[in-house]
**Student:** 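So that we are looking at the same thing, I have put the structure below in structure tokens.
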Amino acid sequence: MTWKLPEALLALKVMSDRYDPSRIEPKWQAWWEARGTFRTPEDPSLPKKYILDMFPYPSGAGLHVGHPEGYTATDIVCRYLRARGFAVLHPMGWDAFGLPAEQYAIQTGTHPAVTTRANIATFKRQIQSLGLSYDWEREVDTTDPAYFKWTQWIFLQLFRRGLAYQSEIPVNWCPALGTVLANEEVVDGKSERGGHPVLRMPLRQWMLKITAYADRLLDDLDLVKWPDSTKTMQEEWIGRSEGAEVKFALEDGSGALEVFTTRPDTLFGATFMVVAPEHPFVERHTTHAQKAAVEAYVHQAIHRSDLDRKAAKEKTGVFTGGFVVNPVNGERVPVWVADYVLMGYGTGAIMAVPAHDERDFEFARAFGISVVQVVSPDGRPRSGELEAATTEEGLAVNSGPYDGLPTAEFKRRITADLEAAGRGRKRIEYRLRDWVFSRQRYWGEPIPIYFPVETDGDPRAGAPHTIRYDLPMAVDEAELPLLLPDLEDFSPGDDPAGALARAVDWRFFRRDGQWYARETNTMPQWAGSCWYYLRFMDPGNPDAAWSKEAAARWLPVDLYVGGAEHAVLHLLYARFWHKVLHDAGFVSCPEPFARLVHQGMILGEVEYTAYKSSEGFVSREWVVALPDGGYRHRSGGQELTPVRVPEEAVEKRGANTILKADPEIVVEARAFKMSKSRGNVINPDDVVRRHGADALRLYEMFLGPLEAVKPWSTSGIQGVARFLERSFALASRPMKDGMPEGPLLRLVHKTIRKVTEDIEGLRFNTAISALMVLLNELSKTDPLPKGAAELHVRLMHPFAPHLAEELWERLGHPPSLQEVPWPGFDPDLCQDESVTVAVQVNGKMRGTVQLAAGSDQDTALGEARKLDTVQRQLEGKDIRKVIWVADKLLNLIAG
RNA sequence: GCGAACGUGGCGGAACUGGUAGACGCACUGGAUUUAGGUUCCAGCGGCUCACGCCGUGGGGGUUCGAGUCCCCCCGUUCGCACCA
């Protein structure tokens, strides 16, 4: 054994001058921290940039490789901008209220604050190990009373402006779980988890009047540079539609049934009306004869959840026996009740025009109601029955005095006529609903509202009392923050008022002899994330949520990076709050996030799946996926089981991946979302330990475009690790002073331009590829000009900051690279002196010629004629035409 | 069903306003150094063909001297919405 020792020692010595991220990275992280390199500059004369990541929920699972993707992207941009002389605000914090910590508390009794603190510590350690350039002095935590004091303060601004109100709205209440469930959590009237019964019941909720801002939220999307897909999703979510409100008089003269329609031009084709099961018309105007049938229908309809109602395909409904009068022609129109009309949209009642609405058409066909065509493409009614509804616009028919009018004009005319007759008017509807802002949970911001209590005794001791929810009062701003009470049991309990209702000493208080009760609902998780970007501007301010000066200095956020899963809700809610704060004079710009980018998800490694029946493997083309998640044979119909196959057992053959053991069997190759249950989660800690933070950062950026969904590949990281090693080796070589000359100088300038432009455009994958090209070229150059090696280090600095700082120091410069201005390029030197021009004959490539840049067509033609391949193609033919694209291409048309 | 995005080697991906398809990297093959190597270096690497050459960006048509890129039809994948009157 002893004879091996000297070699081992030798190996150690060699190792000491090899690239060793585990030594370099902590060194520079400590250096940056000690020097405050990333502290936000105060100097107001510097131009500013506010670069923001969506802050994470600190889950117990710790960071996954998806987090560093967006964080690295913004970090690269920040380091680049600092080198360009900008004052950069780049903060990080924690969206720390949320369900998992509360559920853990319910199971274990551990206070959510304890869990949250531990999780934040883990997240922070992991994020710091990546060398991300955050200004940690601005860290915020939404569960910190010093933070949520101001969340509550903003709520009070909304309350004062009449934008926060209470309402009884139907929710999914599950008594067994003791909580309100989201629609997605209810399946077949039972809870998704546990299968407990769920009741639809009205419950008092706090609502925020986001609908008051619908138009501005829609219009101001024009002011921001966001992905079109995200803008479209927000537009559709807001769902503005213009139409008319029309009154159909009741037969008994007691009023009218109001409907909303986007097609008032089809009024003459309204052959029936439909009201939602919850509509008051049902109660008031159902005839005696229809009563039993209607009641039975309404009962079963109301007890179906929204999702069930949506899932049903066949139209159902019952005639109420009632009639109304069509305002345009005086005809009697029967009124039906059906659940395809929703109480929550429009007026909860529609005029049904089966000829021109697919849903009405289906309903009319199911119940034998007549169909009257009132729109025609050519102005002539069709003979015979319609087989389907036609929803296109056209010319009016069967519409009395309006016949022949085009749809758009008809709409305008009839809306005006109805209004003049007092039977309707223009109306705009939105799909957007007001925001249900209360949760029956413990781990959220208490809503700073209280109510008078009518009682003869002490409500804390159980005296009978009435809480006057109709008289909400704002907690005095001086009393904020309103803290959560300490509890032993964090479960919501069987009281829909929530866990806080049990904290009677907290809930009830007495002032001037009058008893009061605090609101026991808490805010949803969205609350804290609605304004965190504002607190980052002035995080320590004890007197205000932020100062006017800070807002003037930093807003708007110049670049906001985060997942597409927040495309609608978070981003819409934050915009809404921002606009309210704008109206209240606390911020001056109309939109908070000027530019938005969604990083794409990083999937797990590609997995191979074969499908097996009782008789053995079945090739992919015979496998049919069932909606329930199962699989069966396309022809035989037998059940198939998916089997995970290791990579060594498969082989690529042509377009297919097949089993080595049986080449007839094609397997499925696919990457899946990382999940604990699938066991394909990559832990960034492991990657950092093995390859270093610079390699992880570089690899995630090199994988593909930032916005794209990309599968992780464990072997792929080798490539960037090698790049870092070779960069290290390059800087250790002997060099000559000065800059390179000739083609190498031109390559350096081209690389500066490419990297600069790619960082601006967030195209990090191609920027890294350009750096690799430069490194490959420099590695071949001997002697190596030091100026070129230095530029390589400066250009790679935003991507691999630890190694860049290390090499910069080794090249004899004082740190930090963050203070070295970003290199500029000479556009003239970005042009090559000699260019390769493509030569085509009749549009087909036949070779290339080397020419001096800027050569003319004749020179090119002369050179091209010398090519064997060209001569062969031209044999016996005349050149009839020449296409010449300078410095690019010569195309000879011959025949 | 509606809407949006995307289909390029064995793999991740490049390709500016139509102008050399496959940059860069992984994997693979051969060679060199090494006792060894999850090391380093050199070379090769879309398919067919001995070669000349032919074919090739999901499929089919079109515009053009020239199409991955533009237009039309179809197929597939992913995401979002889903009776919104």
Side-chain angles (χ1 to χ4, degrees), chain A residues 7 14 18 227-230 232-233 235-237 239 241 243 259-263 266 274 307 309-313 315 338-342 344-353 357-360 362-363 429-433 564-565 567-568 600-601 606 651-655 657 669-671 690 699 702-705 707-723 725-726 729 757 763 765-773 775-776 779 836-848 868-869 872 880-885 887-893:
Chain A
E7 270 178 323
V14 172
R18 294 198 50 197
D228 286 340
S229 59
T230 303
T232 305
M233 279 165 68
E235 278 162 18
E236 286 173 359
W237 190 265
S241 71
V259 301
F260 171 71
T261 176
T262 54
R263 295 295 301 270
T266 61
V274 185
L307 274 189
R309 281 168 69 162
K310 285 168 191 164
K313 287 195 190 81
K315 293 274 179 291
D339 64 6
Y340 81 90
V341 171
L342 308 175
Y345 186 78
T347 63
I350 61 158
M351 62 176 213
V353 185
D357 181 284
E358 280 161 25
R359 296 150 301 177
D360 297 344
E362 275 176 48
F363 191 87
E429 271 295 317
Y430 300 90
R431 203 189 79 110
L432 183 70
R433 303 265 72 91
E565 66 273 22
V568 178
M601 204 187 322
V606 172
E651 203 174 17
K652 244 331 219 201
R653 186 156 306 175
T657 309
R670 224 188 114 177
R690 208 173 150 83
Y699 179 61
F702 187 60
L703 255 182
E707 297 92 332
V709 177
K710 316 162 270 267
W712 182 268
S713 154
T714 299
S715 59
I717 200 167
Q718 285 297 338
V720 294
R722 226 167 269 162
F723 168 76
E725 280 161 21
R726 296 178 63 212
E757 289 174 355
R763 295 181 297 267
N765 54 332
T766 49
I768 292 167
S769 140
L771 289 171
M772 289 174 167
V773 171
L775 176 68
N776 288 346
S779 300
T836 310
V837 172
V839 179
Q840 299 182 342
V841 178
N842 290 332
K844 279 191 186 266
M845 278 298 297
R846 295 299 167 188
T848 59
D868 290 350
T869 46
R872 261 197 298 274
R880 294 187 182 160
K881 191 176 169 188
V882 178
I883 310 279
W884 167 244
V885 182
D887 291 350
K888 289 249 166 161
L889 170 135
L890 181 73
N891 187 5
L892 309 176
I893 311 304

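Chain A is the first sequence line, chain B the second, and so forth, proteins listed ahead of strands; every chain is numbered from 1.
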**Student:** Output the single nucleotide from B/C52, B/G19, B/A85 whose closest atom is nearest the side chain of A/R872.
**Tutor:** B/C52
**Student:** Give me the distance, rounded to whole Å, that separates B/G53 from B/G59 when you measure between the C1' atoms they each carry.
**Tutor:** 26 Å
**Student:** Say you pick atom C1' in B/A21 and the same atom in B/G68; how far apart are they, in whole Å?
**Tutor:** 7 Å
**Student:** Can you check the distance between B/G31 and B/C50, where both ends of the measurement are the P atom (answer in whole Å)?
**Tutor:** 24 Å
**Student:** Return the pairing partner of B/C50 with a 3.5 Å limit on both distances, Watson-Crick or G-U wobble; otherwise return none.
**Tutor:** none
**Student:** Could you tell me whether B/G30 is syn or anti, where syn means a glycosidic angle within 90 degrees of zero?
**Tutor:** anti
**Student:** Under 3.5 Å for both donor-acceptor distances, Watson-Crick or wobble: does B/U64 have a partner, and if so which one?
**Tutor:** none
**Student:** Heavy atoms under 4.0 Å, any strand shown: does A/V882 hit a base, just sugar-phosphate, or nothing?
**Tutor:** nothing
**Student:** Quick one: is B/G66 close enough that its OP1 or OP2 comes under 4.0 Å of any side-chain N or O from A/K881?
**Tutor:** no
**Student:** Do A/F702 and A/I717 have side-chain heavy atoms sitting under 4.5 Å apart?
**Tutor:** no
**Student:** Is A/E358 touching bases, backbone alone, or none of the nucleic acid, heavy atoms closer than 4.0 Å?
**Tutor:** nothing
**Student:** Paired with B/G10: which nucleotide, if any, by Watson-Crick or G-U wobble criteria at under 3.5 Å for both distances?
**Tutor:** B/C26
**Student:** Closest approach to the side chain of A/P711, judged atom by atom: which nucleotide of B/C65, B/G53, B/G12 is it?
**Tutor:** B/G12
**Student:** More than 12 heavy atoms of other residues, nucleotides or ligands under 6.0 Å from CD of A/E707: is that the case?
**Tutor:** yes
**Student:** Considering only B/C65, B/G3, B/U20, which nucleotide approaches the side chain of A/E236 most closely?
**Tutor:** B/G3
**Student:** Please state the P separation for the pair B/G66 and B/C73 - nearest whole angstrom.
**Tutor:** 24 Å
**Student:** Report the relative orientation of the aromatic rings in A/F260 and A/Y345; use parallel for angles under 30°, tilted for 30 to 60°, perpendicular for over 60°.
**Tutor:** perpendicular
**Student:** Using the C1' atoms only, state how far B/U20 lies from B/U35, rounded to an integer number of Å.
**Tutor:** 48 Å
**Student:** Only pairs with both distances under 3.5 Å count, Watson-Crick or wobble alike; so what is the partner of B/G56 in this structure?
**Tutor:** none
**Student:** For B/A4, give its Watson-Crick or G-U wobble partner with both distances under 3.5 Å, or none.
**Tutor:** B/U78
**Student:** Looking at A/Y340, does the NZ or CZ of A/K315 lie under 6.0 angstrom from its six-membered ring centre and within 45 degrees of the ring axis?
**Tutor:** yes
**Student:** Under 4.0 Å, heavy atoms only, any strand: does A/S241 hit a base, just the sugar-phosphate, or nothing?
**Tutor:** sugar-phosphate
**Student:** Select base, sugar-phosphate, or nothing to describe what A/R880 touches, counting heavy atoms under 4.0 Å on all strands.
**Tutor:** nothing
**Student:** Is any side-chain N or O of A/K888 under 3.5 Å from a base N or O of B/C16, one able to act as donor and the other as acceptor?
**Tutor:** yes
**Student:** Say we look at B/U39 and B/C54: how far apart would their C1' atoms be, to the nearest angstrom?
**Tutor:** 43 Å
**Student:** Please list, pair by pair, any protein nitrogen or oxygen found under 3.5 Å from a nitrogen or oxygen in nucleotides 23-31 of chain B.
**Tutor:**
from  : atom 1 : to     : atom 2 : distance (Å)
B/A23 : N3     : A/S769 : OG     : 3.3
B/C24 : O4'    : A/S769 : OG     : 3.4
B/G25 : OP1    : A/N776 : ND2    : 3.3
B/C26 : OP1    : A/R722 : NH1    : 2.6
B/C26 : O2'    : A/S715 : OG     : 3.1

**Student:** Given atom CZ of A/R431 and atom P of B/G80, what is their separation to the nearest angstrom?
**Tutor:** 14 Å
**Student:** Tell me what A/I893 touches on the nucleic acid: a base, only sugar-phosphate, or nothing, going by heavy atoms under 4.0 Å.
**Tutor:** sugar-phosphate
**Student:** Among B/U20, B/C65, B/A14, find the nucleotide with the atom closest to the side chain of A/P705.
**Tutor:** B/A14
